[in-house]
Amino acid sequence: MSRFFRQAGDSDSDTEESDEELLTSGDEEAPSKPAGKPTGMSRFLRTAGSDSSSSSEEEEDSEEDSDAETEKKKGRFPRNDSEDEDGDEDEDVKRVIKSSKDKRLEEIEATGKVMDNALKINDWVVISAEFDKLLRLVQRQSNVAEPIPPFFLKKLTSLEESLNAALAKEKEVKKKMNAVNARALNSMKQKVKKTMKEHEKELSQYQADPEAYEREYTLHSQPVETAAVKGKKPKKIVESGSEEERSADDQFTTVGKGGKSMQFTADAIFKTLKTIHEARGKKNTDRGEQMRILEKLLEVAVTSYQRIRVLLALVSSRFDYNSSVTSYMPIDLWLAAEQEVDRLISIVAKDSAYSIQENTEEYDELEERSPETEPDGIVRIRGSIISFVDRLDDEFTKSLQNIDPHGTEYVDRLKDEKVLYRTICRAQAFYESSHQSEPLARVIMRRLEHIYSKPDAVVSALESTLATSEVSPSFTLAASSTTSSLIHALCVHLYKADNSLLRTRAILSHIYHHALHNDFYTARDMLLMSHLQESIHSADVFTQILYNRTVVQLGLCAFRCGLIKESQAMLQDIFSTQRVKELLAQGVHQQRFQTQLTPEQERADRARQLPFHMHINTELLEAAFLVSSMLVEIPLLASIDSEEQKRKIISKPFRRLLDFADRQVFTGPPESTRDHIMQASKALQDGEWEKCRDLIQSIKIWSLMPESASVKEMLAKRIQEQGLRTYLFTYAPLYSTLSLSLLSRTFSLPLRTVTSIISKMIWNEELSASLDPSTGVVVFHRIELSRPQQLAQVIAEKVSNMVEQNEKALDVKLGTATGWGDRGDTKGEKRGEQTQERRGRGDRTRGGLRGGTRGRGSRFAQGLGNQMAGHLSQRAR
C-alpha cells in the first residue's frame, strides 16, 4: 500500500521517507497494509482522528466498487501505482459542469484579455490573430441563435478607439513601427470597420443604453446548474447537462448539425445565406441539410428581394447535390428545382422593379434592397435564369440517356418535357420584357431544340401548356397558326443574333424541319446558300452531329419525294464511313482495328448520345439508301461490259453487298431488309421488274415511314422506269428497231412515259438511237470501233485516271484533303466538275460509237441537287 493510506497514528518520520518509499515495488509494500482494509482515501481529505468509523467504511466500500470497475476496464497494459493514485485524486475532486454557452463566453473574455495585454505593448500582429478568433466565437453565438454578448460590443468599441489613437500616433512619431506590425495595423483597421458595419444594429442598441442591453442579454441567458460528481461518470453528466440546456424551452426547436438549435427569421436571412454560400463546395458539407435550411428560409422570407435571393441559392444547391458527370440528377430534386425556377420567373415577371442579371454593379449582400433605395428604381440582382434553364434541360436529357427506353419509366420521364417547355417559354417571355438580347437568343435556341424535330401533333401538345401561364412569349403556336411559321419566326430571330454558333444551329434546325415536312427544294436551297459545307468541320461536336442528322433527314426527304438520285448522293457519304450510328450520336464508337479509346473519350462519347425518342431509324435509313443505290447502280451495270469500267462504282457499300450475293451458291427466301433488296436487284438485272417490285414492297420497314402507301407506289413507278432503262441498255445491241407500244405493254407504262424516258436517254447520249414517230419505233444506230479508236479510248481513260490521282496526291501533300463533314471545298468542286466533264466526254464517245451500250454521261454527277449538265455535251462537241 502507498504511503498515502497509512493510519492516523503513524509518525511524521514515515512521511519524511516518502521519496524512498516511492521507489519500492508493490510487493515490498504489501506487508505494511492493514489486513482486510484496502482503503482508497486520499491524505488530503482526512484529518487526524476526525474520521468516524462508519463514514470510513462507506467510503472504503465505494472506493472498492470503483476500483473493481476500474480493474475490469483496464487493458492488457498495466498501470503503475502513481497513475492509480493520481486517478483516485481526480475522481474525488468536485467538478463543475458548464454549458457550451458559458464556455464560449469564458473563451470570449479570455480572448479579450489577451487583446488588452497586446494593446499595452502595441503588438498588432497578436491583436489581429486574436480578433479573428474572437469573430469566430461570436459567429458560433449567432449560429445557435444567441444574442451578441455585451463584452464583444464593448471590446469592439474600445478597439476602434485604440485603433484611431494608434493611427494618429503613427503619423506623429518619427520612428515608424516595423513593416509586419504596420501591415497588421492596417488589416485591423479594415476588419474592425467591416465588423462594425455587420453589427451596426447591436452596436447602436448597446451605445444607446449599455445597462438595458446587458439586462436584456441576462434575461435571454438561461442559468445552468452545477453538479458535483464522484467516480467515473463525468461524461454522462455532461450529456445530461447539455440535454437540460437544449430542453430548457418547453417548445420544440430546429436542431442543426452537432445538436445546435437553429431559428430562422426574416432578419437573419442574409447572414444565413452568406454562411451557406461560404460552405458551398467545401469538403464534408451536408448538401441535403443546406437545402432544408434554404427551404425554411424561403418560408420565412417576406419581401420579393428576400425570396429571389433564397430561390437563387436554393436552385443552385439542388444542382450541386449531384456533382457526378455520369449519373443524372434525382427526378424529385429536378421537379423541385423546376418549380422553384418557375416561381423565380413569376416573381421577376410580375414585378418589373426586380431584375436578375449576370453582370451587375457591386452591392452589399447583407442589406435589404428595394426599388426605393435604388437610383433608377430597379433592383438588379446577380444571378442567371438562363443558366438554370440550361442546367434543367441538360439534366433532363441526361436522365433520358440513362433510363431504359423500353420501359415505362422512360415514358413517364418524357411527360415532364411539357413542364420544362413551359418554363423555357416563360423564361423567354421574361427576357423579352427585360430586353436582354444575349440570354434571349440562348433560351429561344433551347425552345427550338425541343420542337424542330417533332411532328405537328407533339408540338401542339407542348404549346398547349402555355394557355394556363400568366406570362407567355411573343412567338406562340396560337399566334402563328402553323408549326412551320412558329419555327420560322424563332429561326429568323436567331439569324439576327451575334452568336455565330446559334445562327448555325438555327439554320440547321430550320432545314431539318423543312425536310421533315417533305419540302425538299426549300431545304436543299437553304443548305446550299448557307455554305455550311465549308465551315462545319470547325464547329463543335454537337453542331456537327446536328449537321449529320440534317443531311440524313434531307436524304430521306428526297427519297420520300421520289428524287432517287439526290437521295443516293446525300446518303452515300455517311454510309461510306460505316459509322452511321456514331456520326448520328445514336451509338458509341466500335472498337475496330485495335483502336482503343481512353475512359475519358468513352465518357465523352456516351455524354453526346441523343435520347432514344430523337433517334433516326438506321434500318429505315439503310433501306432507303440501298434501294436508291439499286435504282442507280443496276442500269449503270447494264450499260457497261468491260471489267475496267465495272470497277468505277458509285456506291461501294451496295456494290460490296451485291458482289457478296452473287458469290452465294444457294440463295434462300429473303429474311432481312438486305436480303430483300439484293434479290430485288438480281430480278431487276434479269428484267423481272414485277418480282423486284414485289420484293421491295414486302419490306416491313416501310411501315415506319410517314405516308408509307404513297412511298410504295412511288417505288413501284421508279422500278418500272429503271427496269425499262436496264432493258434498253442490255438488249439494244440485239435490235435494229424496237416498238414503243411493245415497251409500254411490257413495263406497264404509258406510251407517253416510255417516249419521254427514251428521249432523255438519247439527249444525254446514253443511248445511240433515234425516234421514228410515224411508225412508233426507236431506231438503234450501231458503229463499230476500229482498233486505233479503241486504243485511243483506253489511253484517254488512263490519262483521266492519272490526272485524278495526281489531284488527290496534291491535296494530301498540301493538307487540303477533305472527309466527311468537310465537303464544301470550292477548288475540289471545280476539280470534280472537270473530272466529271472528262468522264462524260469519254462516256458520250463510247455511247455514240457502240450503239449506246456504254456511257454514264453527266447524269451521275455526285453533287447536291446537280441538274442535267447539257452544256457539257456542247463543250465535248
Side-chain angles (χ1 to χ4, degrees), residues 95-218 220-221 224 258 260 268 271 274-275 277-279 282 364-366:
R95 299 184 181 181
V96 178
I97 307 303
K98 297 180 181 180
S99 66
S100 57
K101 179 178 64 177
D102 291 341
K103 291 179 182 178
R104 283 195 302 270
L105 291 177
E106 287 183 0
E107 198 169 355
I108 289 173
E109 293 176 0
T111 306
K113 290 179 182 179
V114 176
M115 292 174 64
D116 291 337
N117 294 333
L119 274 173
K120 294 176 183 179
I121 59 174
N122 203 28
D123 189 354
W124 290 100
V125 178
V126 175
I127 294 172
S128 178
E130 293 297 323
F131 186 70
D132 292 339
K133 180 181 178 183
L134 185 63
L135 290 179
R136 289 194 297 269
L137 294 172
V138 173
Q139 184 62 37
R140 292 181 193 174
Q141 288 280 106
S142 302
N143 291 341
V144 295
E146 291 287 342
I148 304 298
F151 179 81
F152 172 73
L153 301 176
K154 181 180 178 181
K155 179 57 62 180
L156 194 60
T157 307
S158 64
L159 191 59
E160 184 188 18
E161 297 174 357
S162 302
L163 266 172
N164 295 333
L167 291 171
K169 184 178 179 181
E170 181 68 14
K171 293 178 181 179
E172 295 176 359
V173 297
K174 295 181 180 181
K175 186 178 180 181
K176 303 294 183 180
M177 64 176 66
N178 59 47
V180 178
N181 208 20
R183 284 196 298 269
L185 177 62
N186 293 330
S187 175
M188 277 297 301
K189 180 182 176 182
Q190 301 298 328
K191 290 179 184 177
V192 170
K193 184 178 179 181
K194 180 181 178 183
T195 307
M196 293 189 71
K197 190 174 182 181
E198 291 178 355
H199 301 89
E200 186 177 1
K201 182 179 178 182
E202 292 83 358
L203 275 172
S204 60
Q205 293 177 1
Y206 177 77
Q207 292 173 355
D209 192 354
E211 296 180 358
Y213 188 88
E214 289 182 2
R215 285 196 301 269
E216 184 180 354
Y217 178 78
T218 306
H220 188 277
S221 303
V224 181
K260 298 177 181 178
K271 291 183 180 179
K274 182 180 179 182
T275 305
H277 179 71
E278 291 174 350
K282 291 184 178 180
D364 190 358
E365 296 184 350
L366 297 176

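With rounding to the nearest 0.5 angstrom, the CZ atom of Phe152 is 9.5 Å from the OG1 atom of Thr157. Between atom NE2 of residue His199 and atom OG of residue Ser204 there is a gap of 12.0 Å, rounded to the nearest 0.5 Å. One finds the CZ atom of Phe151 at 8.0 Å from the NZ atom of Lys113 (value rounded to the nearest 0.5 Å). In this structure, CG on Asp123 lies 10.5 Å from CD on Glu130, to the nearest 0.5 angstrom. To the nearest 0.5 Å, atom CD of residue Gln139 and atom CZ of residue Arg136 are 11.5 Å apart. Once rounded to the nearest 0.5 Å, the distance linking CG of Leu203 with CG of Leu156 reads 5.5 Å.
Side-chain N or O atoms of Ser158 include one that pairs as donor or acceptor with a backbone N or O of Lys155 at under 3.5 Å. Judged by distance alone, with hydrogens and angles left aside, the side-chain atoms of Asn122 form no donor-acceptor pair with the main-chain N or O of Asn181 at under 3.5 Å.
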Inset, instruction - Check step by step if side-chain contact (heavy atoms from CB on, under 4.5 Å) holds for Val114 and Lys133. - result: CA-CA 11 Å; Val114 176; Lys133 180 181 178 183; over 6 Å; no
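Atom CD of Glu200 sits in a sparse spot, with 12 or fewer heavy atoms from other residues, nucleotides or ligands closer than 6.0 Å.
Met188 approaches Leu163 most closely through the heavy-atom pair O-CD1, 3.7 Å. Between Ala166 and Trp124, the closest heavy-atom pair is CB-CZ2, 3.5 Å. Among all heavy-atom pairs drawn from Phe131 and Lys191, the shortest one is CE2-CB, 3.9 Å. The shortest heavy-atom contact between Leu153 and Glu202 is CD1-O, 3.8 Å. Residues Glu198 and Lys271 share a closest heavy-atom pair of O-NZ, 4.2 Å.
Just one residue in the list Asp116, Val192, Leu134, Asn164 forms a side chain to side chain contact (heavy atoms under 4.5 Å, CB included) with Leu159, and that residue is Val192.
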